[in-house]
Amino acid sequence: MSLENTLAISILIPLFVTFILPALKPRIATWVSAMSFLIPMAVTLGLLITLQEFEIPLINLGPPIGDFYLLVDPISNAFGFTICLVSAMVALYSWPYMKHRFEEMLEAGETKDTNWEFRKYWFLYNLYAVAMLWLVYAGNLILLYIFLEISLLASFLLIYMYGYGNRQWVGILYFVWTHIAGVLALLGFLMVGFENQTLALHSLKVIGFLPWLLIFLGMLVKLPGLGPHIWLPWAHAEAPTPVSALLSPLTVGLAGYVLLRIYMVDSSFITQYRDIIIAYAVISSVYAGFSVFKQKDYKRLLAYSTVSQMGYVLIALCLGSYGLVGVVIQYMSHAFGKSILFMTAGAIIASFHGLRDVNKMGGMHEYVPTVANAALLGFMTLSGILTIGMFGEFYILAGLTQIYGFNLSVILAVVLVFTISGLYSFYTMKIIYYGKPAGYEKPRINRLLDFPLYVIAFFSIAFIFPPLSTALLNGMKILFGIGGVVP
């Protein structure tokens, strides 16, 4: 079978499975959902290691839409692999977590049938994850927008139906803000289409100032940066934890993917406003990083960390070829680290009857050591310590010196951003997992609440060693035209 057919069939599997999951029993649906993402995960990893780059034609709709096709290159393979890995592991984690959530809702009289809720959940979960997977292989901006909207609609419904607190209000807040982002991006895409008489990425020649501005502002809301970030702590904190474990690690970073693809067509906007964007990204990241210290809710704390980490993506986007490598690696490292951390928060919620207040969590390592150790690996990934995150920081600093030389003030500003991530990581570990135990009984942890975290952590570490590190970095270097030695 050709590589084109292998890739196409592998990413069709989770899409097909989405429509049969509601007919299966919840436990069986859990494993089928996970397997449907493990298959394309293996295929995308193989394509990533062998540095494959090709296109799969779908249909031509004529100007100004142009070709619909699947774009396969080291970037889409890196993003696709990350989405598949995290989606598969979160699917396994969903079984015990959502069982707990549905029982909670049953006791509160918010639902009458757990099995019926599982049917709806599995359909929306798979639809959400598979839309993100197809988005990163979409070779046409309208096709990309369609999958973006599907992912936002599915995630909105999951928050609206199964979230915490005032979930309907939070769901609508999420829906409105993310659709402001979508509308801005769509306007920009349409202007690009009329400007180039096509929206196929391989045929685009130029991105004018106004469409670039609209797309950039839209993705800034979705990312999000300081200011438009107000929706994120609500949505990520109140979403059911498996949804938080996709929303923060995978969805918000896709804004960086869109900006990266637009940059590869025409970098003029970023080049012209580089200094302003970097200054904004540093302020955004520092503000959100310090805000982490003020949070009392574990999931809300992690949400502010996401805002801070997305500042890395904006900074990297401005730093030339090395920075573009940093964008891809930062997406992967943030996805690995933050999915682990949101799942640790959920494991505590499920095991300690809704416990979320960090002031009541001292010494949790005594009660849930496997969860605590996974959290340490998650924070190491965010901080770039002996994990793939260190490559992300390396390439951001390499791009910084390439663009600005040894400008001490700029380098120190970015190093400050990196340092804050390390500080709030170890602060969080100390107040939640170490210190005086809070006096709880040691719970019995379902293995699906901790095992998937270690699978993700394995890949976070494995990507600093050959063959994964060399394949990933060589693929990026070829694509972005970088010479030199792989660090």
Side-chain angles (χ1 to χ4, degrees), residues 26 90-91 93-114 116-118 120-122 124-125 128-129 152-178 224 229-252 291-292 294-307 338-361 364 368 371 375 428 432 440 443 445-446 448-449 453:
V90 175
Y93 175 90
S94 290
W95 162 245
Y97 187 89
M98 292 310 294
K99 187 169 180 286
H100 164 267
R101 177 63 185 139
F102 292 146
E103 287 171 355
E104 204 174 54
M105 292 176 72
L106 196 63
E107 286 178 14
E110 297 177 287
T111 182
K112 295 179 180 176
D113 186 342
T114 298
W116 171 241
E117 297 305 328
F118 260 120
K120 291 189 290 183
Y121 173 80
W122 279 121
L124 291 171
Y125 176 87
Y128 176 26
L152 296 179
L153 189 60
S155 52
F156 154 69
L157 289 172
L158 286 165
I159 296 171
Y160 190 89
M161 292 193 294
Y162 306 127
Y164 294 92
N166 190 353
R167 60 177 182 269
Q168 283 87 4
W169 178 82
V170 173
I172 291 170
L173 178 77
Y174 169 75
F175 185 83
V176 169
W177 275 100
T178 51
H229 77 286
I230 57 171
W231 63 270
L232 187 141
W234 287 103
H236 290 206
E238 303 306 335
T241 302
V243 178
S244 301
L246 296 190
L247 197 62
S248 174
L250 300 181
T251 310
V252 297
S291 296
V292 169
K294 295 165 56 180
Q295 305 309 311
K296 304 303 178 192
D297 182 296
Y298 191 6
K299 290 182 71 182
R300 200 174 176 86
L301 177 156
L302 296 175
Y304 271 97
S305 161
T306 294
V307 179
K338 198 54 67 66
S339 59
I340 291 171
L341 290 170
F342 266 111
M343 286 194 278
T344 63
I348 291 175
I349 289 172
S351 304
F352 293 90
H353 311 291
L355 180 60
R356 300 170 57 144
D357 188 338
V358 297
N359 290 329
K360 299 177 181 175
M361 291 186 184
M364 296 304 285
V368 284
V371 173
T428 308
I432 293 179
Y440 298 107
I445 295 281
N446 187 308
L448 290 181
L449 287 176
L453 287 61

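If you're wondering where the values come from, they're calculated on a predicted model, not measured in any experiment. Values below: all heavy atoms of this structure, side chains included; hydrogens, waters and symmetry mates excluded.
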Evaluation steps, side-chain contact (heavy atoms from CB on, under 4.5 Å), between Ile349 and Tyr298: CA-CA 10 Å; Ile349 289 172; Tyr298 191 6; over 6 Å; no

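- Ring-centre distance between Phe102 and Tyr162: below the 6.0 Å cut-off.
- In this structure, Trp116 places its CH2 atom where only 12 or fewer heavy-atom neighbours from other residues, nucleotides or ligands lie under 6.0 Å away.
- With contacts defined as side-chain heavy-atom distances shorter than 4.5 Å, the pair Leu152/Tyr174 qualifies.
- Note that the CG atom of Asp357 and the CZ atom of Phe352 stand 14.0 Å from one another [nearest 0.5 Å].
- Leu302 has its side chain out of reach of His236: every pair of non-hydrogen atoms, C-beta onward, lies at least 4.5 Å apart.
- Between Thr241 and Tyr97, the side chains place a donor N or O and an acceptor N or O closer than 3.5 Å (distance only, hydrogens not considered).
- Summarising the geometry of Trp122 relative to Ala91, their closest heavy-atom pair is CH2-O, 3.3 Å, with the distance given to 0.1 Å.
- Note: Tyr164 OH to Asp297 CG = 11.0 Å, rounded to the nearest 0.5 Å.
- Going from atom CG of Leu153 over to atom OG1 of Thr178 covers 9.5 Å, rounded to the nearest 0.5 Å.
- Looking at Gln168 and Asn166, their side chains come closer than 4.5 Å, going by heavy atoms from C-beta outward.
- Nearest heavy-atom pair, Lys338 versus Pro249, reported as atom, atom and distance to 0.1 Å: C-CG, 3.8 Å.
- Atoms CE and CD, on Met161 and Glu117 in that order, are 7.0 Å from each other to the nearest 0.5 Å.
- By the neighbour-count criterion of 12 heavy atoms within 6.0 Å, atom CH2 of Trp231 is densely surrounded, having more than that number from other residues, nucleotides or ligands.
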Tell me, with the steps shown, if Val358 and Gln295 meet side-chain contact (heavy atoms from CB on, under 4.5 Å). CA-CA 8 Å; Val358 297; Gln295 305 309 311; over 6 Å; no

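- More than 12 heavy atoms of other residues, nucleotides or ligands sit less than 6.0 Å from atom NZ of Lys120.
- Scanning both residues, Ala239 and Lys299, for their nearest heavy atoms gives O-NZ, 2.5 Å.
- For the pair Ile159/Phe175, no side-chain contact is recorded, criterion being any heavy-atom separation below 4.5 Å from C-beta on.
- Ring geometry for Tyr121 versus Phe118: interplanar angle over 60°, hence perpendicular rather than tilted (30 to 60°).
- Proximity of a side-chain donor or acceptor of Ser305 to a complementary backbone N or O of Leu301 within less than 3.5 Å is not detected.
- In terms of heavy atoms, Ala245 sits closest to Val90 at CB-CG2, 3.9 Å.
- Atom CE in Met364 sits 8.5 Å away from atom CD1 in Ile432 (nearest 0.5 Å).
- The closest side-chain donor-acceptor pair between Ser94 and Tyr125, if any, does not fall under 3.5 angstrom.
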Begin from the C-alpha positions of Ile172 and Tyr160 and carry the test side-chain contact (heavy atoms from CB on, under 4.5 Å) through to its verdict. CA-CA 8 Å; Ile172 291 170; Tyr160 190 89; 4.3 Å; yes

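- In this structure, the side chains of Tyr440 and Lys360 come closer than 4.5 Å at one or more pairs of heavy atoms.
- Here the closest heavy-atom approach between residue Ala350 and residue Leu449 is recorded as CB-CD1, 4.3 Å.
- No donor-acceptor pair closer than 3.5 Å links the side chain of Arg356 to the backbone N or O of Ile348.
- One N or O on the side chain of Ser351 and one on the backbone of Ala347 form a donor-acceptor pair closer than 3.5 Å.
- Smallest separation of non-hydrogen atoms from Pro443 and Val368: CG-CG1, 4.0 Å.
- Residue Leu246 holds its CG atom at 5.5 Å from OH of Tyr128, rounded to the nearest 0.5 Å.
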